[in-house]
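What follows is a short report on a single structure.
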There are 2 protein chains.
Amino acid sequence: MNTIRTLPGKAGDARSKLLDAAVTLVRKQGFSATSVDQLCTMAGVTKGAFFHHFTSKDALGAAAADHWTATSSVLFMEADYNRHEDPLDRYLGYLDFREEIATGEVAEFTCYAGTSLQECYSSSDAIRDAAYRSITGHSARLAEDLDQAIAQYGAPQGVTGMSLGLYTQTALQGAFILAKGQGDAAPVHDAIAHLRRYILLLFNRDEKLAKKEPDQ
Amino acid sequence: MNTIRTLPGKAGDARSKLLDAAVTLVRKQGFSATSVDQLCTMAGVTKGAFFHHFTSKDALGAAAADHWTATSSVLFMEADYNRHEDPLDRYLGYLDFREEIATGEVAEFTCYAGTSLQECYSSSDAIRDAAYRSITGHSARLAEDLDQAIAQYGAPQGVTGMSLGLYTQTALQGAFILAKGQGDAAPVHDAIAHLRRYILLLFNRDEKLAKKEPDQ
DNA sequence: TACAACATACCAACTGGTCGGTATGTTGTA
DNA sequence: TACAACATACCGACCAGTTGGTATGTTGTA
């Protein structure tokens, strides 16, 4: 996808510095509210460098979505939860991992793809497509484990791995919005708790869930 | 909250026309990408009128969130699903209703509060607070039915009406983002199907869910 | 009930500043 | 010496917000 080959700290540095700056600033301020000058300042480059590497601000926004995809796919691919034998354990481990990394400032754990998709879906086809690809691609990787879990444990009619993978991202994206309202990661933890409970119930693995009886 | 008393079509019209324009344009383009001039053009008023009614663009954004709260709370309060005797049926009827109104252009069924919260949470305290209030307030009304359902049917430990109400909004907000990527309401329908399944499983009302056995 | 004093609701024109983008350098390296 | 990788200087368009004004109420008082 990305054919650029550069030595870190040398030539080509400006491009990746601008992409990093975009991910950081857009997650905090949104795309429109982030100016080209601001991106250049944070990246430590000039406007000339910006328009040397990107034909427009939109083009940077789309490239940053691909950059985000690449960065985060490495993060999740290398995480420990992938080592579990059981596909369901891998999925549950993914949820644990997402909880772990949801700490600190809100802008640091929210999603570039979701943020820019929300804001730019109608103004820039390139950004919308790249951001949506990021989310569906991530869902597809989850779907592999979930399909295996369905084959192994069964599931209600109509439930597919991809559908559950997309729903997982849906809940996480929504949780990021609530987190922005509240100012902390609590909504992410809450959403993951519900997701976990849903999955355990779906696969009849709910023996661990303490039940409360109806009131008399 | 709002002490303005005006006759429709006469004086004071400008204010509500601007609020309507804000809801429409911000849902389509986002807050930053919508200019004051554009809002005035759509509302059919001048910039003077704008700054007569609102101290700043941010102030309009916050007022539009309150306007959104008022508008949508009427919509849901008057809907038929509220007539169900059973609290769980009321909640399930709410989900059906949300599916019904998720049609047409994406910008027409997405949420002003979620959109502006995502974009403005760090740049405007007033917008963030008003938008977050809109979502939590809506959740709180759902929570009433859900608390009654929990009292009636029981639920796993740790599951509260408010937690489920917030989670419902979480899933819907996330679904709106996916819908923006895809260009239609399918992700909303998918998310609601999962929500419905989760609730039926939670309350042991899953007899209607067709089960698929594990592969041999 | 008449009228002065004031408030509200709006308008057209304008301002200083910022925006994305461009035109034209300079410089290091192969 | 040719070209990629930058830097500098600048442009016109657009931005949120201001100004000085008018038209149409509303209200207190004699």
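Below, chains carry the letters A, B, ... as their sequence lines are ordered, and counting in each starts from 1. The basis for the numbers below is simple: all heavy atoms, side chains too, and nothing from hydrogens, waters or symmetry mates. Note that the structure is a prediction, hence the values are computed from the model and not measured.
Residue Leu39(A) contributes atom CG, which lies 11 Å from atom P of dC19(C) at whole-angstrom precision. Phe50(A) has its CZ atom 12 Å from the C1' atom of dC19(C), to the nearest Å. In this structure, the CZ atom of Phe54(A) is 11 Å from the P atom of dC6(D), given to the nearest Å. The distance from atom CZ of Arg15(A) to atom P of dC6(D) is 11 Å, rounded to the nearest whole Å. As a whole-Å value, the separation of Asp13(B) CG from dC11(C) P is 10 Å. Atom-to-atom, CZ of Phe51(B) to C1' of dA13(C) comes out at 15 Å; the value is rounded to the nearest Å.
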Evaluate Arg196(B) against Glu99(B) for side chain to side chain contact (heavy atoms under 4.5 Å, CB included), listing each step before the verdict.
CA-CA 11 Å; Arg196(B) 199 182 282 120; Glu99(B) 255 193 293; 2.7 Å; yes
Begin with the C-alpha distance, continue with both residues' side-chain angles, and end with the deciding distance and a verdict on ring-ring contact (aromatic ring centres under 6.0 Å, His included) for Tyr94(B) and His138(B).
CA-CA 12 Å; Tyr94(B) 168 82; His138(B) 190 67; 5.6 Å; yes
Tell me, with the steps shown, if Phe54(B) and Leu19(B) meet side chain to side chain contact (heavy atoms under 4.5 Å, CB included).
CA-CA 10 Å; Phe54(B) 306 102; Leu19(B) 292 172; 3.9 Å; yes
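Across the interface with DNA chain C, nearest-nucleotide mapping of Ser35(A) and Gly48(A) shows Ser35(A) to be the residue nearer the 5′ end. Residue whose closest nucleotide on DNA chain C sits further toward the 5' end, between Val36(A) and Ala49(B): Ala49(B).
A side-chain donor from one of Ser32(A) and Glu119(A) sits under 3.5 Å from a side-chain acceptor of the other. Looking at Tyr167(A) and Ser139(A), their side chains never bring a donor and an acceptor atom within 3.5 Å of each other.
Across all strands, Thr34(B) comes closer than 4.0 Å only to sugar-phosphate atoms, never to a base (heavy-atom distances). Using a 4.0 Å heavy-atom criterion, one finds that Thr46(B) contacts the bases of the nucleic acid, with or without backbone contacts as well.
Out of dC10(C), dC6(D), dC11(C), the shortest distance to the side chain of His53(A) is found at dC6(D).
Considering only side-chain N and O atoms, His52(B) lies nowhere under 4.0 angstrom from the phosphate OP1 or OP2 of dT8(C).
The base of dA16(D) sits within donor-acceptor range of the side chain of Lys47(B), with an N or O pair under 3.5 Å. Counting atom types as modelled, Lys57(A) pairs no side-chain N or O with a base atom of dG21(C) as donor and acceptor under 3.5 Å.
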